[in-house]
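For reference, the structure discussed in these notes is given below.
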Amino acid sequence: MARFDGLTAVVTGSAQGLGQVFAVALASSGARVAGFDMADQGSTAALIGPSFEPFTVDVTDPDQVLRAVAAVGEAQILVNNAGIYPPIPFEETSVADLRRILRVNVEGPFLVTQALLPCLRRAGWGRIVNIASAAVFAGPPDIVAYTASKAALIGLTRSLATLLGPENITVNTIAPGLTRTDTAARSTGADGGFERVAATQRVPRVAEPSDLVSTLLYVCDPGSAFLTGQTINVDGGAAFL
Ligand SMILES: NC(=O)c1ccc[n+]([C@@H]2O[C@H](COP(=O)([O-])OP(=O)(O)OC[C@H]3O[C@@H](n4cnc5c(N)ncnc54)[C@H](O)[C@@H]3O)[C@@H](O)[C@H]2O)c1
């Protein structure tokens, strides 16, 4: 029997990048996966097959989120992965830019968690995993608004862990270092950025999405019931917490 047989996971931002890899990993371990993304999820559906159900959802839109959650029905696992990280110099970041980043990276996880919570409560247990960023610990100068948004996500994790611990629902953060995805290559990874970041790591090579999978599966595992409120920094040892 696979470790997530009979369980349902909601993964946001599952059309590509890390979210797609997470969706594939959970499905390969037996879960039914509901993918919430604004973008077309055809390539994820093709990789996974019938145990993947795509929902066209903007995670910042409460009505869309509620409709998708109602359609999913039952779930035990939520991976809040959808996020944006436009590289905008601090001096040029407008209030509109800041609000857009906070909206997707903080409001999105807040709304999806709130909407899915009744499902986890009905199940009698649950796993909520928020994908933040090791930027919170490194403090890179070129993504100030993004770093602030991911620090907020860690705060969300900790308070929710306190709220939901008595109900057997764990809430944890995974904080990846710079990892090779198409979006990362277009933004922070451009102009040798991948190699620059890799040189700051104890494991001095560029991270691949597959480097995050074992941590995700560990945190989501039904057996990881005593692990909550934590931020697991998967950054090749760039920062020691
Ligand atoms: N790749 C990295 O280096 C890295 C490092 C640390 C943290 N992260 C975090 O990991 C997550 C995934 O990063 P990625 O590199 O795979 O990004 P990506 O751009 O490849 O994928 C993000 C996905 O989220 C979706 N999305 C964006 N806004 C949405 C919204 N409002 N509603 C629904 N879906 C939305 C996009 O359509 C896309 O499919 C993000 O939260 C990012 O901040 C990435």
Side-chain angles (χ1 to χ4, degrees), residues 10-25 34-45 47 54-65 67-69 78-87 99-112 115 129-140 142-143 145-154 156-157 173-190 193-198 200-201 205-213 215-216 231-236 238-239:
V10 171
V11 180
T12 71
S14 44
Q16 61 180 47
L18 301 184
Q20 181 176 75
V21 170
F22 294 156
V24 168
F36 288 10
D37 204 306
M38 296 190 304
D40 178 77
Q41 299 189 67
S43 66
T44 311
L47 283 169
F55 293 87
T56 304
V57 182
D58 177 344
V59 294
T60 70
D61 182 318
D63 292 335
Q64 289 183 27
V65 169
R67 268 200 301 276
V69 165
L78 167 61
V79 184
N80 281 312
N81 161 81
I84 55 171
Y85 44 101
R99 288 184 179 152
R100 184 168 62 98
I101 292 166
L102 290 171
R103 211 162 162 221
V104 179
N105 295 356
V106 185
E107 259 183 66
F110 189 100
L111 290 175
V112 178
V129 187
N130 295 320
I131 306 302
S133 170
V136 173
F137 309 104
D142 49 348
I143 41 173
Y146 171 75
T147 305
S149 74
K150 293 299 190 178
L153 195 53
I154 292 176
L156 185 72
T157 297
T173 296
I174 296 174
L178 182 62
T179 306
R180 202 191 311 268
T181 64
D182 289 346
T183 303
R186 275 195 306 275
S187 50
T188 39
F194 281 123
E195 285 68 32
R196 254 198 325 278
V197 170
T200 68
Q201 299 163 187
R205 65 167 173 79
V206 179
E208 303 295 337
S210 57
D211 285 313
L212 300 165
V213 164
T215 306
L216 179 85
T231 298
I232 304 180
N233 211 21
V234 187
D235 66 351

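Order of listing sets the numbers, starting from 1, for every ligand and every atom in it.
- No side-chain heavy atom of F137 sits under 4.5 Å from any side-chain heavy atom of D235.
- Residues meeting the side chain to side chain contact (heavy atoms under 4.5 Å, CB included) test with P86, sequence neighbours left out: I84, I88, R100, I101.
- Under the 4.5 Å side-chain criterion, counting only non-hydrogen atoms from C-beta, Q16 is in contact with T183.
- For ligand 1, the protein residues placed under 4.0 Å by at least one non-hydrogen atom are G13, A15, Q16, G17, L18, D37, M38, A39, V57, D58, V59, N81, A82, G83, Y85, V104, I131, A132, S133, Y146, K150, P176, G177, L178, T179, T181, T183, A184.
- The side chain to side chain contact (heavy atoms under 4.5 Å, CB included) test with V112 singles out one residue from V79, V57, T12, T60, and that residue is T12.
- With sequence neighbours excluded, the residues forming a salt bridge (charged side-chain N to carboxylate O under 4.0 Å, His left out) with R180 are E208, listed by chain and number.
- A salt bridge (charged side-chain N to carboxylate O under 4.0 Å, His left out) check over residues 103-112, counting only residues at least two apart or in different chains, returns the pairs R103-E107.
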